[in-house]
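Values below: every heavy atom of this structure, side chains too, minus hydrogens, waters and symmetry copies.
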Amino acid sequence: MKVGIPAEISPNELRVAATPKTVKRLQKQGFEVQIQKGAGTKANFSDKEFEEAGAKIVNSAADIYGNSDIVLKVKEPSVEEVGMMKEGLVLLSYLWPAQNQDLLKTLADKKVNAIAMDAIPRISRAQKMDVLSSMANIAGYRAVIEGSYHFGRFLNGQITAAGKVEPAKVLVIGAGVAGLAAIGAANSLGAIVRAFDTRKEVAEQIESMGAQFLTVEIEEDGATSSGYSKEMSKEFIEAEMKLFLEQAKEVDIVITTAQIPGRPAPKLWMDYHVAAMKPGSVIVDLAASTGGNCALTKNGEVYTTDNGVTMVGKLNQLPSQASQLYGNNLCHLLDDMGKAEKWKIDMEDAVVSRAMVTHNGKINWPPQPLPVSPTAGGGAKKIAAPTAEEIKISDAEKSKKATTSMLIGLAVVGVLLFLVGKFAPPEFIQHFTVFVLAVFVGWQLITNVAHSLHTPLMAVTNAISGIIVVGGLLQTTNDMMSPMTILAFIAILVASINIVGGFVVTHRMLKMFKK
């Protein structure tokens with residue numbers, strides 16, 4: 001099977017759907033790869049690099065669309081490009097199906113099987129193919145860099161011989177992938193970071209990345225099952241606008257990231273918020289292409305307002321990095337579809353069926369909603385959250401079962417001890433009693449060790465080794481050549497090595513979570 005990569009015709013699109021690295025990966029998947037001459041130039045990939053990676057360079061887009069089985073693209077195709085496509089071609093590209101119904105009809109009439117990479121469902125299995133998350137990660141990082149450039153001052157606070165520099169205050173609105181990436185980048189540069197999101201569930205994520213979570217005094221959650229925020233009540237929005245006005249007077253850089261697929265971006269930062277900001281402040285609007293979160297954003301433009309606030313409505317795409325991540329997303333999807341050897345369009349697959357917007361001449365949009373849980377008949381049903389009463393009953397049943405198991409265990413141990421006491425010599429009984437007590441005390445110590453101190457595995461092994469060390473010390477005598485003393489010494493040595501090794505491993509594990 002042949003995979004083709006055409007050059008992007010949009011002058012503002014710098015990315016390409018494959019890089020020399022992903023070309024090699026496509027070949028390992030069994031595909032022949034051909035790429036249009038100059039397709040990677042804007043992303044800083046030369047034709048020579050693609051040739052060295054094993055791709056065939058072709059001169060025109062018509063050759064790509066007419067002689068390929070699969071075409072990988074970034075931007076949605078134009079009418080002219082669709083006209084070049086052969087029947088049965090599989091197209092993987094951004095398509096924005098909710099906004100481009102005419103394009104879907106054109107593709108269906110041409111019998112092109114089109115997969116909208118922006119319609120990949122956000123489920124665990126599809127994370128590796130989620131181009132929206134890949135690109136949002138880059139956009140969030142770049143927003144901080146762009147904002148810092150236009151701000152023109154340090155983001156971190158400094159005390160120097162020349163004077164003190166106050167740290168910049170950065171407000172991130174929206175804590176999705178782009179927002180969290182922006183928080184991480186701003187925090188690493190030393191800024192004081194604040195973040196707002198209508199979803200209460202992201203508070204922990206925001207705080208774990210070193211930012212302050214801002215909220216309003218209204219108990220309302222914007223979380224939905226799709227992962228995107230829902231429209232909030234009038235009271236919540238009024239409280240939100242008031243909070244933003246207070247922040248506008250303090251912050252230096254505002255980064256807005258709120259977008260809803262298939263709909264214009266919600267307006268969150270109004271003109272009076274901009275008017276309240278200090279001269280020299282910066283607003284970076286990542287939703288500029290869909291109308292902007294700021295009322296004064298101009299898509300594709302950077303300008304300064306009358307009160308000295310810089311409005312950033314465009315970003316450098318970091319085309320080399322973006323192309324690599326996008327190419328990886330495409331390769332992951334081709335992996336899931338069977339590669340070249342077992343290639344199949346499986347409309348029963350949860351990912352393919354929802355991203356395949358045209359198939360065999362028919363439009364497949366909007367897709368069926370994802371089932372919450374499969375039923376025996378192949379349908380879907382919602383699983384209701386357990387009530388407090390159900391949880392209470394469940395806990396009581398678990399407690400009853402645990403008590404029964406413990407009583408049975410004690411009965412078995414009691415019978416065994418009775419049999420041992422009846423037939424074993426007195427010396428053995430004495431040592432056996434000490435052993436049982438040691439195990440009991442050791443078990444109580446082990447189970448009550450806080451896991452935050454070290455891992456559960458290290459806690460168990462170190463506690464057991466400690467018991468062995470104590471036992472070995474009790475068995476040592478003044479006769480160094482005594483077999484008992486030699487065995488006790490070996491036991492102490494081995495247990496000590498285990499204890500020291502356990503703490504060394506634990507220390508290394510803890511270092512992994514430190515910067």
Apply salt bridge (charged side-chain N to carboxylate O under 4.0 Å, His left out) to Asp130 and list each qualifying residue two or more places apart in sequence or on a separate chain.
Arg122
Has [X] got a side-chain atom pairing as donor or acceptor with [Y]'s backbone, closer than 3.5 angstrom?
X: Lys73; Y: Ala17; answer: no
X: His150; Y: Met311; answer: no
X: His332; Y: Asn329; answer: no
X: Asp118; Y: Trp96; answer: yes
X: Thr22; Y: Ala18; answer: no
X: Thr358; Y: Val112; answer: yes
X: Glu51; Y: Ile57; answer: no
X: Asp252; Y: Val170; answer: no
X: Lys278; Y: Glu250; answer: yes
X: Lys75; Y: Arg15; answer: no

For a quick test of reading the model, state the closest non-hydrogen atom pair linking [X] to [Y] and the distance between them.
X: Ala168; Y: Phe151; result: CB-CE2, 3.8 Å
X: Gly40; Y: Phe50; result: CA-CE1, 4.0 Å
X: Ala350; Y: Ser353; result: O-OG, 3.6 Å
X: Gly190; Y: Pro167; result: O-CB, 4.0 Å
X: Cys294; Y: Asp285; result: N-OD2, 2.9 Å
X: Glu49; Y: Pro20; result: CB-CG, 3.8 Å

Side chains of [X] and [Y], heavy atoms from C-beta outward: is any pair under 4.5 Å?
X: Lys86; Y: Asp69; answer: yes
X: Lys42; Y: Glu13; answer: no
X: Val71; Y: Met85; answer: no
X: His273; Y: Met277; answer: no
X: Leu296; Y: Val309; answer: no
X: Gln34; Y: Asp63; answer: no

Which distance, rounded to the nearest 0.5 Å, do you find between the [atom1] of [X] and the [atom2] of [Y]?
X: Ile9; Y: Glu80; atom1: CD1; atom2: CD; value: 7.0 Å
X: Asp336; Y: Met129; atom1: CG; atom2: CE; value: 3.5 Å
X: Phe213; Y: Glu204; atom1: CZ; atom2: CD; value: 11.5 Å
X: Met356; Y: Ile345; atom1: CE; atom2: CD1; value: 4.0 Å
X: Asp335; Y: Leu26; atom1: CG; atom2: CG; value: 9.5 Å
X: Thr257; Y: Asp197; atom1: OG1; atom2: CG; value: 7.5 Å

Side chains of [Y] and [X]: any donor to acceptor distance under 3.5 Å?
X: Ser133; Y: Gln127; value: no
X: Asn307; Y: Thr305; value: yes
X: Glu146; Y: Asn316; value: no

Please work out which of the three classes, parallel, tilted or perpendicular, describes the rings of Trp269 and Phe244, given edges at 30° and 60°.
tilted
Using side-chain contact (heavy atoms from CB on, under 4.5 Å), reason through Leu243 and Glu246 one step at a time and then give a plain yes or no.
CA-CA 5 Å; Leu243 173 66; Glu246 294 170 358; 4.2 Å; yes
Identify which one of Val131, Leu72, Val16 satisfies the side-chain contact (heavy atoms from CB on, under 4.5 Å) criterion when paired with Tyr326.
Val131
Go through the steps to decide whether Met117 and Leu333 satisfy the test side-chain contact (heavy atoms from CB on, under 4.5 Å), and finish with yes or no.
CA-CA 9 Å; Met117 294 305 296; Leu333 181 54; 3.6 Å; yes
Within 6.0 angstrom of [X] [atom1], more than 12 heavy atoms from elsewhere:
X: Tyr141; atom1: OH; result: no
X: Tyr149; atom1: OH; result: no
X: Lys56; atom1: NZ; result: no
X: Lys37; atom1: NZ; result: no
X: Phe154; atom1: CZ; result: no

Set out, in order, the CA-CA distance, both residues' side-chain angles and the distance that settles side-chain contact (heavy atoms from CB on, under 4.5 Å) for Asp346 and Glu348, then state yes or no.
CA-CA 5 Å; Asp346 183 7; Glu348 298 298 318; 3.3 Å; yes
